Amino acid sequence: MKNGWQTRKLIDVCPTIQDGAHESPKRQFDGPGEGRYLYITSKNIRMNYMDLRDVSYVERDFHDRIYPRCQPRVGDVLLTKDGANTGNVTLNTLDEEFSLLSSVCLIKTNPAALNPAFLCYYLQSPDGLEGIVGRMTGAAIKRIILQNVKLATIPLPPIAEQQRIVGVLDEAFAAIATARANTEQNLRNARELFDGQLQSVFNQRGSEWVERAFGELIESNVIGLTKNSRDQGEDGPWPYVKMNNITRDNRFDFSRFVCVEATDEEVDKFALRDGDFLFNTRNSYELVGKSCIYESESDQVVLFNNNIMRIRFKPAVDAKFVLLAFSSIGVVDELSALKSGTTNVSAIYFKDLKSLAIPVPPIAEQKTVAAKLESLVAKIQLLTSIHERKLAALDALKQSLLHQAFTGAL
């Protein structure tokens, strides 16, 4: 550590380290009103900003019991200590009273000893994460213990040096945020180009195009092999395709997989072959109906599970064309209408899927359309890969800067 720096416990330089309410309000409201106060929970705390798009409001009696425990002010540090956003940290930007749920920790610094923005950046650094976020407990829900926050240490330069470091990080992070936004916009532009080309094909159908029921196009359909989690592992003889191997953008991804045991009869029935159309029959409401074409990288036999339907088409039907049709607006809307179940578990059953209307030209035109759009898909996938590497590099740069900042090398 640099000369002149000290190592202090947060509890020694932060007069308040306090979580919010350990009780739930009897009523919550979607909008403001007389006698209502903002109710900030873990979902509203993002990394370096507060997200108030889905904020709730509570009544005065609840607020009056909770608010005096916290008394948040602009510039205080808010740290999410459990839930999906565990470890997210930001400065409070709200110049008004609000109630706080116990999933969020409010930290008030002694301004003479610790700049709150310096602390906010430290909690995002590798050392800060290891010291606090790295001590998570709980299996289903990750959790930071309030006492661990209080006892965590922080390297402290003089306050003027803290302010200088914050200024350097502010400037660098703003430039990184701009670069990230530009990279993500370029990727959106590429995907919008593909969507436009796809819709143009299906909107400007030729005279030989006809709408056919999906069930009329197929030669066979089979729901996959059922194997519970205890039967899945790394050592089984047969790779096992699951719904996470079908990506959101309808590609087959076998970079991660499990293996299972299977009988000769099961291998014969549930083996995949190149060109098989895979349809995700059960998933969350948002993800059910994902589809892809199976493409193997070896001659090894691969099986598929019972959340997937394997479909093989008649000779006059091109699977790649049907996959493109499943991404067109009209078919996507029809698929959405077929979903049944709850938000967490939804399904599309074959008895409903077989009636799905698919616009189909002659096989030669199907192949021409598929080849044309497949070339564009390949370019977008290459661009996606490049952009993902850029985003990863930007994230690595942020971590490098934070490490330098809190080891005195910035």
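In what follows, every heavy atom counts, from backbone to side chain, and hydrogens, waters and symmetry copies are set aside. These numbers come from a predicted model, not from an experiment.
- Shown here is E171, whose CD atom has no more than 12 heavy atoms of other residues, nucleotides or ligands within 6.0 Å.
- Cation-pi contact between R310 and F304: absent, since separation from the ring centre below 6.0 Å together with deviation from the ring axis within 45° is not met.
- Side-chain contact check for D195 and Q199: no donor-acceptor pair (N or O, by modelled atom type) lies under 3.5 Å.
- When all heavy atoms are compared, the tightest approach of V74 to L94 is CG2-O, 3.5 Å.
- By the 6.0 Å and 45° rule, K26 does not stack over the aromatic ring of F62.
- A donor-acceptor contact under 3.5 angstrom links the side chains of H63 and E97, judged on distance only.
- Ionic pairing of E23 and R65 is present here: one or more N-O contacts between side-chain nitrogen and carboxylate oxygen are shorter than 4.0 angstrom.
- A donor-acceptor pair is defined here as one N or O able to donate and one able to accept, closer than 3.5 Å; no such pair exists between the side chain of D76 and the backbone of N92.
- I159 CD1: more than 12 foreign heavy atoms inside a 6.0 Å radius.
- Side-chain atoms of D127 and S125 include no donor-acceptor pair closer than 3.5 Å.
- The distance from the CG atom of D12 to the CD atom of Q6 is 10.5 Å, given to the nearest 0.5 Å.
- For Y37 and Y39, the gap between ring centers reaches or exceeds 6.0 Å.
- Looking only at distances, no side-chain donor or acceptor of E59 sits under 3.5 Å from a matching main-chain atom of R36.
- Atom CG of D95 is surrounded by 12 or fewer heavy atoms from other residues, nucleotides or ligands within 6.0 Å.
- N48 and Q124 form a side-chain donor-acceptor contact under 3.5 Å, judged by distance and modelled atom types alone.
- The distance between the ring centers of W209 and F202 falls below 6.0 angstrom.
- Using a 4.0 Å cut-off between charged nitrogen and carboxylate oxygen, D249 and R251 count as a salt-bridge pair.
- Taking both residues in full, the closest heavy atoms of V332 and F326 are given as CG2-O, 3.3 Å, listed atom of the first, atom of the second, then distance.
- Side-chain polar atoms of D170 and Y121 form a donor-acceptor pair below 3.5 angstrom.
- Annotation for D30: atom CG does not count as buried by contact number, only 12 or fewer foreign heavy atoms lying within 6.0 Å.
- Salt bridge E192/R188: absent, no basic N to carboxylate O contact under 4.0 Å.
- Looking only at distances, a side-chain donor or acceptor of N245 sits under 3.5 Å from a matching main-chain atom of K242.
- Side-chain rings of F277 and F313 approach one another, their centers coming within less than 6.0 Å.
- No hydrogens or angles considered: nothing links the side chains of R46 and N88 as a donor-acceptor pair under 3.5 Å.
- Contact check on D318 versus K320 returns no salt bridge, with no Lys/Arg side-chain nitrogen under 4.0 Å from an Asp/Glu carboxylate oxygen.
- The closest donor-acceptor contact from the side chain of D333 to the backbone of G330 lies at 3.5 Å or more, if one exists at all.
- Side chain of Q162 to backbone of A113: a donor-acceptor contact under 3.5 angstrom is found.
- Using a distance-only test at 3.5 Å, with no hydrogens or angles considered, a donor-acceptor pair links the side chain of S328 to the main chain of A325.
- No more than 12 heavy atoms of other residues, nucleotides or ligands lie within 6.0 Å of CD in E234, so this atom counts as exposed by the packing criterion.
- Between the D276 side chain and the R273 main chain, a donor and an acceptor come within less than 3.5 Å of each other.
- Side chains of Q300 and S296: a donor-acceptor N/O pair is absent below 3.5 angstrom, by distance only.
- Aromatic pair F118/F406: ring centres closer than 6.0 Å.
- In this structure, CG on L10 lies 10.0 Å from OG1 on T109, to the nearest 0.5 angstrom.
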